[in-house]
Structure formats: C-alpha cells, structure tokens
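I have placed the structure first, in the form of structure tokens, so that the comments after it can refer back to it.
Everything numeric here is computed off the predicted structure, so don't read it as measured data.
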Amino acid sequence: GSALGSDQGLIRLHRIWVKPVLALAAATALFLFASFLCDWYFYRPPHLDHLGPVELLFHYEAETLQNALGNLAQTVAAVLGIVCTVVAIVVQLAATRYTPRVTDLFFKEKTNFLVLGFFVVACVSAIWVSLAVNGDFVPRVSVIVSVLAVTLSLFLMVPYFVFVFDFLDPENIISRIQVQAFEATANLDRDVTDGQQQLLNSVEQLADLAITATVQQDKIISARAVDALRVLLVRYTKAKQRLPSSWFDIGPSLAENPDFQAMNMDAVQDLVSERMWVEWKVLRQYQTIYNEALASNPDMNYLIAINTRYLGEAILAGGGGPALRLVIKFFNTYMRATLNKRQVRTAYNILNQYRQLTEAIVLTDAGGKLTEDVAGYLRYYGQVAHGMGLGFVTETIAYDLAALCEIAHRDRSHAPALLLAALLDLDKEAEDEAEEATLRGVRKAQVRLATYYMCNGADELARRIFGDMEDEKPSRLVSIRDELLRVTSKDFWEVIDRGANFDYMDDSRKDKLDVFFTWFPEIPASRKSARLPRGPLSDKLNRTSERLQQADQR
C-alpha cells in the first residue's frame with residue numbers, strides 16, 4: 001500500500017509540476033533566445049561587438065538594473081495577489097460544495113506553503129537587491145538569482161493552479177483523508193490521544209463529504225466517501241491486534257464527541273471493554289448517512305447496506321466477536337428506520353444484504369446463538385411489516401428465511417431447526433384482502449422449503465411445515481399449489497437487484513410439491529397442464545385455451 005502510494009505520488013509530481021515547468025521553460029527559452037539572437041546579430045551597437053549573445057544578455061548597467069529590479073518585485077507581488085485571490089475563491093467554493101473541512105486540509109498541505117512562500121521570497125529578494133544596486137556596485141550574482149527566482153515564480157503559477165484544482169478534486173480529498181486516517185495508528189508511541197483524535201476527525205470528514213454529496217444528489221462522490229469508510233474500517237480491523245491497550249480507552253477528548261456523549265456510561269464502558277469504539281464511530285456515521293438518504297436517495301441506502309455487509313464479513317473472517325453483533329445491531333437499525341418511512345423497495349434491498357451476511361454467519365457460526373438471534377430479528381421485522389400493511393416486506397423475509405434454511409441444511413449446520421421455527425412463526429391468520437396476499441406469500445415460501453427438504457431426504461422437516469399448515473383452508477392451499485406450478489421461469493420478468501423469481505421451482509421440486517399436497521386429505525390431485533406464467537395477459541390466454549379445449553370436447 002505504501003509503495004503504491006509512493007508511486008502515485010511520483011506520478012502526480014511529474015504530471016502536475018515537472019512536465020508543465022519544463023514545458024514552460026522550454027517554450028520561454030526558445031521564444032526569448034530566438035528573438036534575442038536576431039537582435040544581437042542585426043542590431044547590437046558596434047562598441048559591444050566583443051560580447052557574445054549570452055554575455056550581452058547578462059550585461060547590466062546600474063541605473064537600468066535598479067529600475068528593472070523594482071519592476072520585477074511588482075510583477076511577483078501582482079502574481080502573488082492573483083494566485084491568492086484565485087485560490088481563496090476556489091477553496092471557498094469547494095468548502096461550500098463538499099465540506100468546510102476542505103479548508104483545514106488545504107492549509108495543512110505543505111505544498112501550498114512552499115509555493116506561496118517561494119513567491120514571497122522572490123518578491124522580497126528583488127526589492128532588496130534593487131536597493132543594493134548603485135553606481136559603484138552591481139551585485140551580479142544576487143541580480144541573476146533574483147531574475148531566475150522571479151522567472152521560476154511565473155513558471156510555477158500555472159502548475160500551482162493545476163495542483164490546487166487537483167487537490168480540491170473530491171476523490172483526491174477523500175484519498176488524502178484516508179491517508180491521514182491510516183497514519184493515525186502508525187506512530188502511537190508518542191501520543192495515543194493525538195492518534196485517536198486524528199482518526200476520529202478523518203472518519204467525520206468522510207461522513208461530512210458523504211452527507212453533503214448525498215443531499216446534493218452527487219452519487220459518485222457520496223459513494224466514494226461511503227466506500228472509503230468501509231476500506232478504512234476493514235484495514236483497521238486487520239491492524240487492530242497490534243495496537244496498545246490505551247488506544248481502546250475513551251478519554252476526555254473522545255468523550256466530548258457527540259456520538260459518545262449521547263451514550264450512557266454503561267454503553268461507553270462496553271465499548272471500552274469490547275475494544276470497538278472505532279467500529280461504533282464508523283457505523284454510527286453510516287447510520288447518519290443512511291437516515292439522510294432514506295427519503296430521496298435509496299441507492300445510497302443500498303450501498304451502505306452493501307458496505308455494512310462487507311464490514312461484517314471482514315469482522316467474521318477475523319473471528320467475529322462483539323463487533324459482529326454490532327454490525328447486526330446496525331442492520332436492525334436500518335430496518336427499523338426503513339419500515340418507519342414505509343420504504344418497501346429499500347427494505348427489499350436491505351434484506352438482500354442482511355440475508356447474505358446471515359448466510360456467512362450460518363456457515364461459520366459454531367455456537368448457534370447468533371444465528372438464532374438473527375432469525376428472531378428477521379421474524380420480528382417481518383411481523384412488524386405485516387402489522388404496518390407492508391406485506392411485500394414480510395413476504396421477502398419469508399423467502400429469505402427459507403433460503404437460509406436451505407443453506408443451513410445443505411451445510412449440515414446446527415441451525416435448520418432454529419431458522420425453520422422462525423419461518424413458521426412468521427405468518428398469522430389473514431383478516432383482510434391485503435393480509436391474505438401476505439399470508440399466501442409466506443405460505444408459498446414454506447411450501448417451497450418443504451419441497452427442498454423432501455428432495456434432500458429431510459421428510460421430518462417437511463412434516464413440520466405440513467403440521468403448521470394442516471389447518472389452512474383447502475381452497476387457499478389449492479390456489480397456492482397451482483400458482484407455484486404455473487411458474488416456469490427462474491428469472492423475474494423485470495430488472496431487479498436479486499434477479500431471481502421467488503416462486504420458481506425446478507421439475508424435481510414440482511414433483512415433490514404434488515407429493516407434499518397429497519398429505520392433505522381434502523385436497524385433490526393437481527392437473528399438470530402446460531400453462532403460461534401468471535399475469536393479466538397470460539390468465540386471459542389460459543382461460544381462452546380452456547374454452548377452446550371444452551369446445552373441442554363438445
């Protein structure tokens with residue numbers, strides 16, 4: 001990482017500074033010497049015939065030189081004024097556009113002091129050298145140095161503007177903040193408090209950039225800042241073990257931060273004992289960005305969920321522990337905020353990432369307690385969504401729980417019974433037409449899972465699903481069976497994030513579907529006829545086909 005950063009720094013140095021200065025110097029030298037050689041060859045006075053072109057160029061007279069040096073000082077002062085004006089305007093615009101912290105970053109950059117300082121030195125040098133010139137003494141070396149300094153100042157003006165605009169590019173600002181955050185844990189032998197504050201400031205700067213860009217609908221910058229927070233925390237989790245124990249204490253400087261002030265003392269002590277104040281801070285910023293984007297930028301919510309899942313998987317790969325439970329807690333917080341805003345599409349996408357993280361937990365969780373807890377959380381939010389009339393969210397959770405049950409069974413995990421219990425507790429008797437649709441979706445997910453169990457020799461688990469459904473109305477069960485048999489395409493007919501059709505089953509599972517419904521004595525056997533997928537047009541065509549068949553029989 002450091003080698004790559006060094007290479008990128010050299011590339012930027014060459015692109016911004018070396019190439020423009022060399023190009024300007026070459027163009028100036030060509031233009032100057034071409035015209036001066038013409039003057040030297042055609043128009044030089046006879047008494048200066050003994051001087052060559054270079055000697056004549058540096059042949060100074062005291063009176064003329066004094067005036068020229070004064071003009072050089074004025075030139076540099078004018079250039080410095082132009083540079084300061086342009087830089088002040090551009091920096092202020094960038095600070096307004098992205099985050100006020102841009103100003104702090106800009107003035108902490110050493111290149112600004114070097115360039116502006118060089119302008120000042122060239123200006124002051126020209127003034128003092130002009131005062132030193134008199135009729136008896138011409139300080140030739142000082143004059144030449146001053147002239148070269150003024151020339152270089154003019155050469156530097158263009159690349160410095162390029163540097164300023166490059167510095168204020170949002171992606172470069174994010175990269176610089178990342179570097180500062182990485183450096184925060186590099187030299188902790190001197191002062192841990194300074195390192196903590198530096199990392200804290202970097203996290204908040206990235207969050208400010210993300211929030212401002214989200215409000216302004218600047219998706220590229222907001223996404224880049226959110227990704228940077230994830231990269232920062234993943235890298236931190238890998239280096240966490242080598243940090244001193246004092247790093248994990250929340251001292252007075254950290255305790256003054258609003259995110260920690262809002263917590264009660266017991267919660268703060270838990271963060272200290274579990275060594276995860278950094279994880280809390282980053283995820284807290286994610287929550288703030290998530291809430292800001294919830295009303296107007298659902299794609300940002302989805303990106304935050306993706307990055308939160310990546311964080312959870314990185315923590316899980318490192319052994320899990322309290323930090324993984326913290327990630328789960330923030331996923332639950334996202335779900336609560338989403339349901340409160342009644343954002344069904346966002347909930348659908350968030351659940352996709354929540355399920356993928358849970359899959360990783362199911363495949364690695366040895367004790368089963370975390371899997372059991374997550375299954376309970378999903379069941380709870382499914383029931384909450386059902387009570388709010390957000391039936392599609394409940395249906396989505398049902399299919400996600402069924403998918404988790406399949407993964408747990410396939411991996412010979414301890415978790416199938418826990419997950420199956422959560423799925424069977426998800427549904428409740430319908431009271432109106434909307435709840436009827438939700439209940440049908442949950443039942444279809446349960447039936448699909450039963451066919452999986454039957455295909456894989458787990459009839460006892462399929463029997464549990466049958467036992468939960470045996471009191472259902474026969475008419476409802478028949479319609480559920482027929483709807484599942486009608487689905488012939490595994491891909492949904494619209495572009496969606498998941499891509500899969502919830503109700504699709506292959507032929508082997510459809511065969512088991514018929515067997516499963518024979519367990520219900522009041523349900524007649526299905527008629528496996530070729531039918532089009534369900535929908536307004538296909539239903540009309542199916543009815544037309546049935547009438548034609550009846551006419552043929554008559």
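- Taking the salt bridge (Lys or Arg N to Asp or Glu O under 4.0 Å) definition, one finds that Glu204 meets it with Arg101, Lys281, sequence neighbours left out.
- Listed for the Arg448 side chain is a donor-acceptor partner under 3.5 Å among the backbone atoms of Phe502.
- The closest side-chain heavy-atom distance from Lys444 to Leu484 is below 4.5 Å.
- The ring pair (Phe, Tyr, Trp, His ring centres under 6.0 Å) analysis of residues 88-110, with sequence neighbours excluded, yields the pairs Phe106-Phe167.
- Of the possible polar contacts, one joining the Tyr452 side chain to the Glu406 backbone as a donor-acceptor pair under 3.5 Å is found.
- Partners of Arg284 by side-chain hydrogen bond (donor to acceptor under 3.5 Å, both in side chains), not counting sequence neighbours, listed by chain and number: Gln287.
- In this structure, the separation between CG on Leu419 and CG on Leu378 is 8.5 Å, given to the nearest 0.5 Å.
- Put simply, the side chain of Gln198 gets close to the backbone of Gln180: a donor and an acceptor are under 3.5 Å apart.
- With Arg342 contributing its side chain and Met388 its backbone, the two residues share a donor-acceptor pair below 3.5 Å.
- For the atom pair Phe392 CZ and Thr396 OG1, the distance stands at 4.0 Å (nearest 0.5 Å).
- With hydrogens and angles disregarded, no donor-acceptor distance shorter than 3.5 Å links the side chain of Glu279 to the backbone of Leu311.
- The shortest side-chain heavy-atom distance between Trp247 and Arg275 does not fall under the 4.5 Å cut-off.
- Side-chain contact between Val362 and Thr358 is present, with heavy atoms from C-beta onward closer than 4.5 Å.
- Partners of Gln285 by side-chain hydrogen bond (donor to acceptor under 3.5 Å, both in side chains), not counting sequence neighbours, listed by chain and number: Asp259.
- The closest side-chain heavy-atom distance from Leu351 to Met335 is below 4.5 Å.
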Which atom pairs, donor and acceptor, lie under 3.5 Å between side-chain atoms of residues 462-471 and protein residues at least two apart or in another chain?
| from | atom 1 | to | atom 2 | distance (Å) |
| --- | --- | --- | --- | --- |
| Asp468 | OD2 | Arg443 | NH1 | 2.7 |

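- The only member of Val344, Asn349, Ile350 that meets side-chain contact (heavy atoms from CB on, under 4.5 Å) when paired with Thr346 is Ile350.
- Looking at heavy atoms from C-beta onward, Leu424 lies in side-chain contact with Gln446 at the 4.5 angstrom threshold.
- Taking 4.5 Å as the limit, some side-chain heavy atom of Arg345 sits within range of a side-chain heavy atom of Pro298.
- For residues 310-336, the pairs satisfying side-chain hydrogen bond (donor to acceptor under 3.5 Å, both in side chains) are Thr308-Tyr334, Arg309-Glu313, Arg325-Asp373, Asn332-Tyr354, Arg336-Tyr380, with sequence neighbours left out.
- Distance CD1/Ile211 to CG/Asn291: 9.5 Å, rounded to 0.5 Å.
- A donor-acceptor distance shorter than 3.5 angstrom exists from the side chain of Tyr286 to the backbone of Val226, with no hydrogens or angles considered.
- No donor-acceptor distance shorter than 3.5 angstrom exists from the side chain of Asp166 to the backbone of Val162, with no hydrogens or angles considered.
- With hydrogens and angles disregarded, a donor-acceptor distance shorter than 3.5 Å links the side chain of Thr394 to the backbone of Gly382.
- Side-chain contact check for Glu292 versus Met300: every heavy-atom pair is 4.5 Å or farther apart.
- The shortest side-chain heavy-atom distance between Glu171 and Ile220 falls under the 4.5 Å cut-off.
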side-chain hydrogen bond (donor to acceptor under 3.5 Å, both in side chains) evaluation trace for Thr338 with Tyr290: CA-CA 9 Å; Thr338 306; Tyr290 187 95; 2.4 Å; yes
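- Gln196 contributes a side-chain N or O that, together with a main-chain N or O of Asp249, makes up a donor-acceptor pair within less than 3.5 Å.
- Annotation: the span from Trp280 atom CH2 to Asp270 atom CG amounts to 10.5 Å, rounded to 0.5 Å.
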